[in-house]
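Here's the structure, in structure tokens; my notes come after.
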Amino acid sequence: MDRPHRTRSLLAALTAALLAVPGITVLSSAARAADADLARNGGFESGLDGWTCTAGTAVGSPVHSGAAALQATPAGSDNAQCAQTVTVQPDAQYTLSGYVRGSYVYLGASGTGTTDVSAWTQSAPDWQRLTTTFRTGPGTTKVTLYAHGWYGTGAYYADDISLTGPGAGTAQPPAAPTGLRTGTVTSSGVALSWSAVTGATGYAVYRDGAKVQTVSGTSATVGGLAAATAYSFQVTAVNDAGESAKSATVTATTSAGSGGGGTSDLPAHALVGYLHATFANGSGYTRLADVPDSWDIIDLAFGEPTSATSGDIRFDRCPVTECPNVESDAEFKAAVKAKQAAGKKVLISIGGANGQVQLTTTAARDTFVSSVSKIIDDYGLDGLDIDFEGHSLSLDADDTDFKNPKTPVIVNLISALKTLKARYGSDFVLTMAPETFFVQMGYQYYGTGQWGGQDPRCGAYLPVIHALRDDLTLLHVQDYNSGPIMGLDNQYHSMGGADFHIAMTDMLLTGFPVAGDAGNVFPPLRPDQIAIGMPASVNAGNGHVAPAEVTKALDCLTKKTNCGSYATHGSWPALRGLMTWSVNWDRFGNWEFQKNFDAYFG
């Protein structure tokens with residue numbers, strides 16, 4: 001009876017001795033068995049699977065171990081955070097660790113229910129391990145892990161991120177859905193259904209590999225699609241433990257549709273150009289009658305307001321003192337009719353760099369409608385081009401949903417354009433020429449942002465385009481005078497080659513989550529609604545590319561050949577064409593832009 005007592009005493013003494021040694025902790029076998037690495041894809045071997053990143057990608061070098069690591073580049077007001085949410089046990093101890101490289105790199109956990117924690121390094125020229133610990137609160141079941149850099153400090157790298165501690169039980173993500181099939185297919189939408197999955201609390205729908213919506217039932221309709229375009233779809237099942245693998249893929253091709261937007265009598269591929277009608281500059285004045293027949297839409301630049309907020313638009317043609325060869329009003333109107341008789345469209349373009357238009361009141365909205373109508377009627381024009389730049393459009397701080405805008409300058413512009421469309425009917429041509437900052441930049445930022453401080457103009461054209469997508473003839477974003485813009489590959493693209501035009505146009509034809517929110521997707525436009533905006537020459541604006549680069553962009557977008565480094569999400573033979581600033585500058589450059597367009601499309 002004496003030996004068992006001595007054994008227990010010996011074990012107690014050994015335990016006490018071990019606990020007295022700094023840095024050594026004794027865990028029970030049960031506790032050791034419960035510990036697990038809860039971080040999903042912490043080595044980024046599966047790309048960004050499991051992570052949500054504002055500006056990240058998986059790279060093959062440098063890596064700490066394995067074949068991949070995270071690279072993310074902060075820019076502007078974005079610290080390039082990558083995060084994932086994991087399921088944890090309440091009132092439990094966890095250790096977060098990972099390896100990082102770069103300047104000002106952070107690794108942390110939020111939503112712990114106690115004290116959120118982070119570790120960071122000011123400078124890590126080689127891989128450096130960061131680690132921190134926390135205890136979850138008594139009601140905490142989920143914690144968000146994150147890594148991020150600091151604003152404007154360059155790229156950082158992260159690898160082998162782990163969260164070690166008690167697992168959240170035996171719950172497992174559900175099985176992948178089966179039986180995915182298509183139902184009704186229209187020119188802009190595809191209906192999908194699938195079999196229910198045991199244990200699933202919801203489902204995520206993917207279009208061409210990108211998550212586009214989540215639903216609670218076993219059916220969904222994916223809308224906002226381009227006409228006569230092939231798409232692929234997959235579905236995953238979701239519960240508290242995570243997301244299943246993707247289902248088998250089904251494909252569907254949308255129907256041709258009716259065109260809409262006053263486009264039925266445009267050529268399949270159109271050349272759009274701005275004509276300096278109210279001013280002269282180094283390119284010289286070009287009379288409307290002298291514009292070659294290659295130009296299918298001629299935008300008269302510009303109608304401008306009497307003041308920024310008046311809504312009163314005036315079209316004052318270039319005076320003789322500035323444009324000695326300017327035609328008379330009668331000659332100008334006769335030229336409009338001659339162009340129309342030849343099948344061309346002549347529009348009044350409102351705004352430009354110097355024409356700020358802010359419809360802050362309903363009175364300004366109504367004045368805009370009446371004054372624009374007077375110009376259209378006086379000159380017998382075919383429609384209207386909106387070229388609002390600068391500070392014309394911005395979003396109020398509480399205006400966060402592009403589908404339901406409430407900022408007066410946005411709401412009033414939408415109302416004014418719908419009124420004009422209704423007044424002139426289905427043949428009314430409506431085009432828009434926003435800058436990339438107001439459209440594609442919305443992939444990263446929208447308005448002032450969740451925490452404020454962002455430029456309120458960012459993405460401000462998106463609600464206007466979306467509200468008028470059924471009335472819009474052409475959107476030709478100005479792919480020039482632009483800073484770097486992040487594409488759907490989460491890489492920044494800069495002017496100077498075909499890549500920029502390919503990436504920016506792919507975003508319009510594929511659609512994209514606004515401000516990174518996968519549940520708030522800006523739907524794609526039809527390819528016949530898109531023309532690519534380019535400068536006609538090096539004199540016309542920053543971002544000019546040589547004809548060979550224009551051809552590369554068209555090859556990639558219409559044929560998916562000659563694409564270079566950017567992989568598009570489809571090919572669009574029905575892409576409408578090209579827009580340029582300007583007819584005058586192209587004439588100055590011996591019609592290089594026009595000749596290249598004619599040679600490509602015949």
Side-chain angles (χ1 to χ4, degrees), residues 47-48 53 55 57 188 206-212 222 224-233 251 253-254 269 432-445 459 461-462 465-466 469 472 474-480 482-516 518 521-534 543 545 549-579 600:
L48 299 183
C53 302
T57 187
S188 61
Y206 289 78
R207 185 197 72 228
D208 294 333
K211 185 185 293 185
V212 292
V222 180
L225 305 180
T229 303
Y231 293 94
S232 64
F233 302 94
T251 60
T253 300
T254 52
H269 301 292
M432 298 182 190
E435 297 161 289
T436 56
F437 184 84
F438 294 89
V439 185
Q440 288 94 335
M441 184 68 86
Y443 176 53
Q444 280 186 280
Y445 312 109
Y461 250 95
L462 293 178
I465 297 167
H466 184 68
R469 62 174 55 242
L472 185 63
L474 276 181
L475 176 70
H476 31 65
V477 175
Q478 300 178 36
D479 286 0
Y480 46 90
S482 170
I485 303 290
M486 180 178 286
L488 296 181
D489 57 354
N490 290 329
Q491 301 297 308
Y492 283 95
H493 298 270
S494 299
M495 300 182 302
D499 175 83
F500 186 69
H501 299 293
I502 293 166
M504 295 302 99
T505 308
D506 181 63
M507 295 179 77
L508 302 176
L509 294 168
T510 303
F512 53 86
V514 175
V521 174
F522 178 78
L525 290 160
R526 302 189 316 267
D528 64 270
Q529 289 179 296
I530 300 297
I532 309 172
M534 302 176 172
V545 295
E549 294 298 302
V550 177
T551 296
K552 285 182 184 178
L554 291 172
D555 279 346
C556 181
L557 292 163
T558 64
K559 304 172 185 174
K560 208 160 188 175
T561 62
N562 216 8
C563 286
S565 62
Y566 184 89
T568 67
H569 293 75
S571 60
W572 301 275
L575 180 75
R576 183 64 74 176
L578 301 178
M579 173 275 279
Y600 191 87

Is the backbone of Met432 close enough, under 3.5 Å, to the side chain of His476 for a donor and an acceptor to pair up by distance?
yes
Let me confirm one number: the OH-CG distance from Tyr566 to Asp506, rounded to the nearest 0.5 Å.
3.5 Å
Are Trp572 and Thr510 side-chain neighbours, meaning at least one heavy-atom pair lies under 4.5 Å?
yes
Counting distance only, does the side-chain N/O of Lys560 pair as donor-acceptor with the main-chain N or O of Thr568 below 3.5 Å?
yes
Set out, in order, the CA-CA distance, both residues' side-chain angles and the distance that settles side chain to side chain contact (heavy atoms under 4.5 Å, CB included) for Thr558 and Tyr600, then state yes or no.
CA-CA 12 Å; Thr558 64; Tyr600 191 87; 3.5 Å; yes
4.5 Å side-chain heavy-atom contact, Ile530 and Arg576:
no
Could you go through His501 and Val545, starting from their C-alpha distance and side-chain angles, then the distance that decides it, and tell me whether this counts as side chain to side chain contact (heavy atoms under 4.5 Å, CB included)?
CA-CA 10 Å; His501 299 293; Val545 295; 4.0 Å; yes
Could you walk me through whether Thr436 and Met441 satisfy the side chain to side chain contact (heavy atoms under 4.5 Å, CB included) test, starting with their C-alpha distance in whole Å, then the side-chain angles of each, then the deciding distance to 0.1 Å, before giving a yes or no?
CA-CA 6 Å; Thr436 56; Met441 184 68 86; over 6 Å; no
Are the side chains of Leu508 and Met504 in contact, using a 4.5 Å heavy-atom criterion?
no
OG/Ser232 to NE2/His569 distance, rounded to the nearest 0.5 angstrom?
10.0 Å
Side chains of Phe512 and Leu462, heavy atoms from C-beta outward: is any pair under 4.5 Å?
yes
To the nearest 0.5 Å, what is the distance between OG (Ser571) and CG (Asp555)?
11.5 Å
Evaluate side chain to side chain contact (heavy atoms under 4.5 Å, CB included) for Thr253 paired with Thr229, printing each intermediate quantity in order.
CA-CA 5 Å; Thr253 300; Thr229 303; 5.9 Å; no
Nearest 0.5 Å, please: how far is CZ in Phe500 from OH in Tyr480?
11.5 Å
With a 4.5 Å limit on heavy-atom distance, are the side chains of Val521 and Val514 in contact?
no
Approximate separation, where rounding is to 0.5 Å, of Ile502 CD1 and Met507 CE
14.5 Å
For the residue pair Tyr443 and Pro513, establish whether any side-chain heavy-atom pair is separated by less than 4.5 Å.
yes
Nearest 0.5 Å please: distance from the CG atom of Leu509 over to the CG atom of Leu575.
6.5 Å
So, the side chain of Arg469 versus the backbone of Pro523: is there a donor-acceptor pair under 3.5 Å, distance only?
yes
Do Asp208 and Tyr231 pair up side chain to side chain, a donor and an acceptor below 3.5 Å, judged on atom types alone?
no
Flag the pair Val477 / Glu435 as yes when at least one side-chain heavy-atom distance between them is below 4.5 Å, and no otherwise.
no
Without hydrogens or angle criteria, can the side chains of Gln440 and Tyr461 be said to hold a donor-acceptor pair below 3.5 Å?
no
Just by modelled atom types, is the Ala498 backbone N or O under 3.5 Å from a matching donor or acceptor in the Glu549 side chain?
yes
Kindly give the heavy-atom pair with the smallest separation between Gln444 and Tyr492, and that separation in Å.
NE2-OH, 2.9 Å
Backbone of Ala433 reached by a side-chain donor or acceptor of Gln478 within 3.5 Å:
yes
N/O donor-acceptor pair under 3.5 Å between Thr254 side chain and Ala228 backbone
yes
Any non-hydrogen side-chain atom of Met579 less than 4.5 Å from a side-chain atom of Met534?
no
